[in-house]
Amino acid sequence: MRRTEALQGVRMIKFLDILGRYEALEFNQLEAAELLGVGERTFRRWCQRYEEDGEAGIAGPAAGQGFRQAGSG
């Protein structure tokens, strides 16, 4: 497994954990986004793509930006 694939998996696990906690009303969208190190709008987009397409909507190449590191692209 390449390093980038491993990091993608870690980010997915973190996203799913924070999404579950957000849905359980432990914190709001802004707090969830801050925990992930992304903007609130990005968090909303990821949630929408996850709801529509599951994990593939976030991590797949068709997801557009997906999980990108800050400063890349």
Side-chain angles (χ1 to χ4, degrees):
M1 178 183 293
R2 295 184 357 221
R3 183 176 186 268
T4 55
E5 292 168 342
L7 292 175
Q8 185 78 4
V10 169
R11 283 193 283 279
M12 178 61 70
I13 291 168
K14 187 173 181 180
F15 170 74
L16 293 175
D17 175 54
I18 290 174
L19 177 63
R21 294 170 63 193
Y22 162 73
E23 290 175 342
L25 303 176
E26 288 186 37
F27 36 71
N28 61 34
Q29 283 184 352
L30 180 59
E31 293 166 328
E34 288 174 352
L35 288 170
L36 288 167
V38 300
E40 187 175 4
R41 185 173 180 194
T42 298
F43 178 71
R44 284 195 308 267
R45 287 178 178 164
W46 287 357
C47 290
Q48 181 180 5
R49 284 195 301 221
Y50 181 75
E51 184 177 316
E52 292 171 357
D53 302 320
E55 289 185 23
I58 301 294
Q65 295 178 2
F67 288 128
R68 291 190 333 168
Q69 286 185 301
S72 66

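Keep in mind that the numbers below use all heavy atoms, side chains included, and drop hydrogens, waters and symmetry copies.
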For this session: Find the distance between CZ (Arg11) and CD1 (Ile18) and round it off to the nearest 0.5 Å.
Result: 13.0 Å
Exercise. How close do Lys14 and Leu36 get, heavy atom to heavy atom, and via which atoms?
Worked result: CG-CD2, 3.9 Å
Exercise. For Glu52, does the CD atom have more than 12 heavy-atom neighbours from other residues, nucleotides or ligands under 6.0 Å away?
Worked result: yes
Exercise. So Glu40 and Arg44, side-chain contact (heavy atoms from CB on, under 4.5 Å) or not? Walk me through it.
Worked result: CA-CA 6 Å; Glu40 187 175 4; Arg44 284 195 308 267; 3.5 Å; yes
For this session: May I have the step-by-step check of side-chain contact (heavy atoms from CB on, under 4.5 Å) for Leu16 and Glu55, ending in yes or no?
Result: CA-CA 9 Å; Leu16 293 175; Glu55 289 185 23; 3.7 Å; yes
Tabulate below the donor-acceptor pairs under 3.5 Å that side-chain atoms of residues 26-34 make, not counting sequence neighbours, or state none.
residue: Glu26; atom: OE1; partner: Arg21; partner atom: NE; Å: 3.1
residue: Asn28; atom: OD1; partner: Leu30; partner atom: N; Å: 3.1
residue: Asn28; atom: OD1; partner: Glu31; partner atom: N; Å: 2.8
residue: Gln29; atom: NE2; partner: Tyr22; partner atom: OH; Å: 3.2
residue: Glu31; atom: OE1; partner: Asn28; partner atom: N; Å: 2.9

Problem set entry | side-chain hydrogen bond (donor to acceptor under 3.5 Å, both in side chains) against Glu23, all qualifying residues, sequence neighbours excluded | none
Seminar exercise, completed: Heavy-atom closest pair (Ile58 atom, Trp46 atom, distance to 0.1 Å) is CD1-O, 2.9 Å
